[in-house]
Amino acid sequence: VAGERLTKGMLSLIENGKANPSMESLQYIAERLGINASELIQSDDTENLRDALFRVEKLYKEYYESYSLERIEELKIQLMEELTAVVAGREITGSTYEEIRLYEYYVIMLYITEGHVDEEEIMRIIKMYEKIHTFSQMLRGYSFLSLMDFGKLDYEKAVQHLLEAEKVVDKYKHVIGSIEKLDLYYNLTVTYAALNDEERTEHYLNLALKIAKEKKVIYRLNDF
């Protein structure tokens, strides 16, 4: 089962509950066993959360892509009802991806409906993602914080959040994909442009173009 990407020692720690696998490791173990990764973490609660997450993601996708103001308002209400039913009154421990993602959607919808969210809540989500080793999702949290500050025209603070995300990339670069890196470098390029910092703008633009060329990825190129 260990194969080329896991040591036998690490696999033993995971089996004995002494280490938590990252989502990437979980997927790899599942592939080696010829099963779905969800079967390795299956529980009734997880199944219920997964069903709820499926419904929320479907509603959020429609909300994000809708052009009807009336439908957008309807979807806001549906999303908050769905998320409140799952999250409200629940102790969020961050033990599973589904729980964290649903809580993240809840915080996002609070921001959309109320125009404000406590920065500490986003930081809590980031730390929970790190705890279960879903490092790519941490970038999304920092980008959300940056977006909130960018909307307030506080570009200095916005760029600081993105630089924290860059530290995550540097630390966990072996498990963070090109798409996530391009998203980060795009946001850094735009934010430094807003600060009129031509040198840093060009730096992150070139980093993105280098990834696109080396990995043959055209994602975000039109945006750049």
Side-chain angles (χ1 to χ4, degrees), residues 20 22-24 26-27 30 36-154 157-158 161-162 164-165 168 177 179-180 183-184 186-187:
N20 291 321
S22 66
M23 288 302 293
E24 290 83 1
L26 202 62
Q27 289 284 358
N36 191 293
S38 63
E39 295 180 53
L40 297 175
I41 53 175
Q42 191 69 37
S43 70
D44 290 342
D45 187 51
T46 301
E47 185 66 29
N48 291 335
L49 290 176
R50 187 176 298 116
D51 289 343
L53 181 56
F54 176 79
R55 293 192 299 271
V56 167
E57 288 183 330
K58 186 177 180 181
L59 286 170
Y60 190 79
K61 184 176 186 294
E62 186 182 352
Y63 165 81
Y64 188 75
E65 296 177 350
S66 179
Y67 290 97
S68 167
L69 292 178
E70 183 178 350
R71 181 58 180 154
I72 286 172
E73 291 304 314
E74 291 175 355
L75 288 165
K76 279 185 187 179
I77 294 171
Q78 289 181 46
L79 278 163
M80 284 306 297
E81 287 177 348
E82 185 78 48
L83 288 162
T84 301
V86 177
V87 174
R90 180 188 181 92
E91 182 182 359
I92 306 297
T93 62
S95 57
T96 66
Y97 171 80
E98 289 83 1
E99 182 185 42
I100 303 170
R101 185 67 173 132
L102 282 164
Y103 184 57
E104 182 182 8
Y105 271 121
Y106 179 67
V107 171
I108 289 171
M109 290 310 300
L110 281 178
Y111 178 73
I112 289 172
T113 55
E114 299 180 10
H116 174 75
V117 67
D118 191 341
E119 183 176 315
E120 289 301 313
E121 292 301 311
I122 304 296
M123 289 304 303
R124 184 183 176 209
I125 291 168
I126 291 171
K127 290 174 183 176
M128 286 192 289
Y129 275 133
E130 185 172 29
K131 183 180 178 182
I132 64 168
H133 300 175
T134 50
F135 306 118
S136 295
Q137 308 290 3
M138 295 171 65
L139 304 185
R140 191 171 59 214
Y142 284 117
S143 293
F144 185 74
L145 287 171
S146 177
L147 179 65
M148 289 196 300
D149 291 322
F150 196 98
K152 300 172 188 174
L153 308 184
D154 190 346
K157 192 174 178 183
H161 289 307
L162 295 175
E164 287 299 314
V168 175
I179 298 297
E180 289 81 6
D183 272 329
L184 174 61
Y186 173 75
N187 289 332

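No experiment lies behind these values; they were computed from the predicted model shown.
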Exercise for the section: Please step through salt bridge (charged side-chain N to carboxylate O under 4.0 Å, His left out) for the pair E98 and R101, ending with a clear verdict. Expected result: CA-CA 5 Å; E98 289 83 1; R101 185 67 173 132; over 6 Å; no
Practice task
For residues L53 and E99, determine if any side-chain heavy atom of one lies less than 4.5 Å from a side-chain heavy atom of the other.
Solution key: no
Practice task
For the residue pair F144 and Y111, categorise the inter-ring angle as parallel (less than 30°), tilted (30 to 60°) or perpendicular (more than 60°).
Solution key: perpendicular
Fill in the blank from the handout: residues 69-78 vs side chain to side chain donor-acceptor pair (under 3.5 Å), sequence neighbours excluded, gives E62-R71, R71-E74, E73-K76
Handout entry: Which atom of I72 lies closest to which atom of S66, heavy atoms considered
Key = CD1-O, 3.7 Å
Handout entry: Nearest-0.5 Å distance, CD of residue E81 to CG of residue L59
Key = 10.5 Å
Problem - SB check R140 E104 (cutoff 4.0 Å) - result: yes
Problem - Check: F150 and N187 side chains under 4.5 Å, non-hydrogen atoms - result: no
Problem - Passing candidate, side chain to side chain contact (heavy atoms under 4.5 Å, CB included) with K61, options K58, E65, E57 - result: E65
Completion exercise
CD1 (I132) and OH (Y97) are apart, to the nearest 0.5 Å, by 8.0 Å
Practice task
List the atom of S146, the atom of A158, and the distance in Å for their closest heavy-atom pair.
Solution key: OG-O, 2.9 Å
Practice task
If the plane angle is over 60° it's perpendicular, under 30° parallel, otherwise tilted; pick one for Y64 and Y60.
Solution key: parallel
Handout entry: Sub-4.5 Å side-chain heavy-atom contact between E130 and V168
Key = no
Handout entry: Contact check, side chains of E180 and M138, non-hydrogen atoms, under 4.5 Å
Key = no
Problem - Sub-4.5 Å side-chain heavy-atom contact between H161 and E119 - result: yes
Practice task
State the CG-OG distance between L49 and S95, to the nearest 0.5 angstrom.
Solution key: 8.0 Å
Completion exercise
To the nearest 0.5 Å, atom CG of D183 lies from atom CG of L162 at 11.0 Å
Practice task
Please name the pair of heavy atoms, one in L139 and one in A165, separated by the smallest distance, quoted to 0.1 Å.
Solution key: CD2-O, 3.3 Å
Practice task
Report the C-alpha separation of M128 and R124 in whole Å, then their side-chain angles, then the decisive distance to 0.1 Å, and conclude whether the side-chain contact (heavy atoms from CB on, under 4.5 Å) test is met.
Solution key: CA-CA 6 Å; M128 286 192 289; R124 184 183 176 209; 4.2 Å; yes
Fill in the blank from the handout: Closest non-hydrogen contact found for S136 with G177 is OG-N, 4.3 Å
Practice task
Examine the side chains of E82 and Y105 and answer whether a donor and an acceptor come within less than 3.5 Å of each other.
Solution key: no
Problem - Distance, nearest 0.5 Å, that separates CD1 of I100 from CD1 of I126 - result: 12.0 Å
Problem - Side-chain heavy-atom pair M80, L110 within 4.5 angstrom cut-off - result: yes
Practice task
For residues Y142 and L184, determine if any side-chain heavy atom of one lies less than 4.5 Å from a side-chain heavy atom of the other.
Solution key: no
Exercise for the section: First locate atom CG of L79, then atom CZ of R55, and finally report the distance between them rounded to the nearest 0.5 Å. Expected result: 11.5 Å
